[in-house]
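What follows is one structure encoded as structure tokens, with my remarks underneath.
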Amino acid sequence: MTEQTTPPIDPADDLPEQMRVRREKRDRLLVETGDAYPVGYPRTATLAEIRARYAELPTDTASGDTAAVTGRVIFIRNTGKLCFATLRDGDGTELQAMLSLDRVGADRLADWKRLVDLGDHVGVTGEVITSRRGELSVLVDTWAVTAKALRPLPVAHKPLSEEARVRQRYVDLIVRPQARQMVRTRAAAVRSLRDSLHDRSFVEVETPMLQLIHGGAAARPFVTHSNALDTDLYLRIAPELFLKRAVVGGIDRVFEINRNFRNEGIDSSHSPEFAMLEAYEAYGDYDTMATLARQLVQEAAVAVSGSTVVTHADGTELDLGGEWRSVTLFGVLSEALGEEVSVTTERARLAQYAEKVGMAVDPKWGPGKLAEELFEELVVPGLREPTFVRDYPEETSPLTRSHREQPGLTEKWDLYVLGFELGTAYSELVDPVVQRERLVAQAQLAARGDAEAMRLDEDFLRAMEYGMPPAGGMGMGIDRLLMALTGLGIRETILFPLVRAE
RNA sequence: GGGCCGCUAGCUCAAUGGCAGAGCUGUGGACUUUUAAUCCAUAGGUUCAGGGUUCGAGUCCCUGGCGGCCCA
């Protein structure tokens, strides 16, 4: 129940002291200087421009030039008659401002000490000089608060808790250079992917996020609702079926970089929304896609770090250069088991291996799925260097062309690095009759309650019946790529990852 | 879904069942060359929420919330 007659309690009354103090400073700025949030500041140079222009200015020298600069106060040291502040620009460049009694006068010096806090945005105008310690500085004549911060910054030299970093990324970005760097690293990597694909005549398209039927992968979808159509829609789990429609229509080299949504677990390597590159190339196959994937990653590494050898946050190096190791699924699994297994190995024997290593076996798994599970358990954690794992069983890859030489296998590879899957590619299945058979089988699984199985997409099958050229298709996780390039967890690579409500 | 660990000042963290603390931050003061400045003084708490045991609970028990790790 709301009491209408009494005025609401001033929320400021209930604030922690430090926020109350900052609000009072804001009020004083409004009253005494007219504004705490002016429309701008007559800036003549960015901090980076000043740093570049006066890089050679010797210690304890006055340049004779006046500049007006802006930045967030990230460091402040006030003494009796001389104050120092470090300003930082959005690009991370820092520059010192110095306020001396003889330049700004007693009143404005007192104002500075009284009203300016760590975290405020300010503009300062004065001569560009170097301090006695050689620090490039603006010796201030006039200054203004351009945006008063009402919340204190966290302690600069203690790491924020993991949770605070993710929930308040804006604070993380202010206090942690690596967080700012990740934003730019990610942008550089994504830009590199686009440039590399454009260089190879791939056309970028955007296909539906909202789909009537979700398909192209095995995953549980998010469901939403269209009021206009009065029908449920799915957030896409993959763009695959639309990109193939585009190839049918003659977009021979096509790609999309966009988000997929999977209504599944959230942990250090899984986000419910994740960015993905998918590319299709008419008259390509899984070999041309392997070359493409390798070049995309190597060019992204160079774009991000200048070398195909990337250095991770913990200091370890990862060499992404050269040709990459290429193995077959059953070859590398046989190696791990110490005995030869193949796609024709009976399920019972594979189940024995699973039991031996203490793996839980789902009775619904066929021999192909069982082999893949064994591979994931025994082999994947050790795949640190980039490795193509080729030739998966037909059983688990319904949208993949059968192997041109080996019955029961498909022309599919998964690319592993640092023990996780970075990408996957197929020689695409383009026979519409076989495609329909396999999709019908999947739909029957769905009817038995397998939420991950695909429903039958008749429009996709109709498109295929018009004839899709032979093609290679490839998918790569963008967040995973950033993990490979930086060695960080997925929540660090995503600027604003989904978190539970506070 | 299961198990374990955590949640205390703005931030990072202490505190045998017995007065809820430190550093940084803040506030007041000193200091015209600081670089995580220094010195003096000082403020700041619904200990995640609710319930229970107890003379007494941040601490023990129960329920819930949020987070992390491991497992499925």
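Residue numbers start from 1 in every chain, and the chains themselves are labelled A, B, ... in the order their sequence lines are given, proteins ahead of strands. Computed from a predicted model, the values in this text were never measured in an experiment.
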Counting heavy atoms from C-beta on, name the nucleotide in B:rU32, B:rG67, B:rU35 closest to the side chain of A:Glu163.
B:rG67
Nearest-nucleotide 5' precedence on RNA chain B, A:Arg103 against A:Leu118
A:Leu118
Over how many whole Å does the gap from A:Leu109 atom CG to B:rU33 atom P extend?
13 Å
Between A:Ser161 and B:rU12, is there a side-chain N or O to OP1/OP2 distance below 4.0 Å?
yes
Of all the choices, B:rU32, B:rG67, B:rU33, which nucleotide is nearest to the side chain of A:Arg167 once you look at every atom?
B:rG67
Counting only Watson-Crick pairs (N1-N3 plus N6-O4 or O6-N4) and G-U wobbles (N1-O2, O6-N3), all under 3.5 Å, who is the partner of B:rC19?
none
For the side chain of A:Arg108 and the backbone of A:Thr142, is there at least one donor-acceptor N/O pair under 3.5 Å apart?
no
Assess whether a salt bridge exists between A:Asp102 and A:Lys81, defined as any Lys/Arg side-chain N lying under 4.0 Å from an Asp/Glu carboxylate O.
no
Over how many whole Å does the gap from A:Arg165 atom CZ to B:rG67 atom P extend?
16 Å
Which donor-acceptor pairs under 3.5 Å do side chains of residues 52-60 of chain A form with protein atoms, sequence neighbours excluded?
| unit_1 | atom_1 | unit_2 | atom_2 | d |
| --- | --- | --- | --- | --- |
| A:Tyr54 | OH | A:Asp65 | OD2 | 2.6 |

It should be established whether A:Arg114 places a side-chain nitrogen or oxygen under 4.0 Å from OP1 or OP2 of nucleotide B:rU27.
no
Quick one: A:Leu99 CG to B:rU33 C1', roughly how many Å, whole number?
13 Å
By the Watson-Crick or G-U definition, both distances under 3.5 Å, B:rC60 is matched with B:rG52
By the Watson-Crick or G-U definition, both distances under 3.5 Å, B:rC31 is matched with none
By side-chain contact (heavy atoms from CB on, under 4.5 Å), A:Ala110 pairs with (sequence neighbours left out) none
Protein-nucleotides 42-49 of chain B N/O pairs closer than 3.5 Å?
none

Send over the distance from A:Arg23 CZ to B:rG10 P, rounded to a whole Å.
15 Å
Whole-Å distance separating the CZ atom of A:Arg20 from the P atom of B:rA9:
17 Å
Rounded distance (Å) that lies between atom P of B:rC11 and atom CD1 of A:Ile74:
20 Å
So, does A:Arg43 use its side chain to make a donor-acceptor pair with the main chain of A:Val124 at under 3.5 Å?
no
Does the distance from a Lys or Arg side-chain N to an Asp or Glu carboxylate O, for A:Asp117 and A:Lys25, drop under 4.0 Å?
yes
Minimum heavy-atom distance between A:Gly368 and A:Thr396, given as atom pair plus value
C-CG2, 4.1 Å
Are A:Arg28 and A:Glu32 close enough for a salt bridge, meaning some N to O gap below 4.0 Å?
no
Can you tell me the Watson-Crick or wobble partner of B:rG67, both distances under 3.5 angstrom?
B:rC5
Taking the nucleotide of RNA chain B with the closest heavy atom to each, which residue, A:Ser100 or A:Val21, is nearer the 5' end?
A:Val21
Expressed as a whole number of Å, how far does the C1' atom of B:rC5 sit from that of B:rA22?
24 Å
Under 4.0 angstrom, heavy atoms only, what part of the nucleic acid is A:Ser137 near: base, sugar-phosphate, or nothing?
nothing
CG of A:Leu82 versus C1' of B:rC31: gap in Å, rounded?
10 Å
What's the gap between B:rU27 and B:rG65 when it is taken at their P atoms, as a whole Å value?
40 Å
Remember a base hit wins even if backbone is also touched, and classify A:Leu160 as base, sugar-phosphate or nothing at under 4.0 Å, heavy atoms.
sugar-phosphate
Please state the P separation for the pair B:rC60 and B:rG18 - nearest whole angstrom.
11 Å
Presence of salt bridge, A:Arg186 and A:Asp479, under 4.0 angstrom
yes
Does A:Lys25 reach a base, just sugar-phosphate, or nothing at all? Heavy atoms under 4.0 Å.
sugar-phosphate
Is A:Asp117 touching bases, backbone alone, or none of the nucleic acid, heavy atoms closer than 4.0 Å?
sugar-phosphate
Taking the C1' atom of each, how far is B:rG67 from B:rU53, in whole Å?
28 Å
Nearest whole angstrom, please: distance from the P of B:rG29 to the CG of A:Asn78.
12 Å
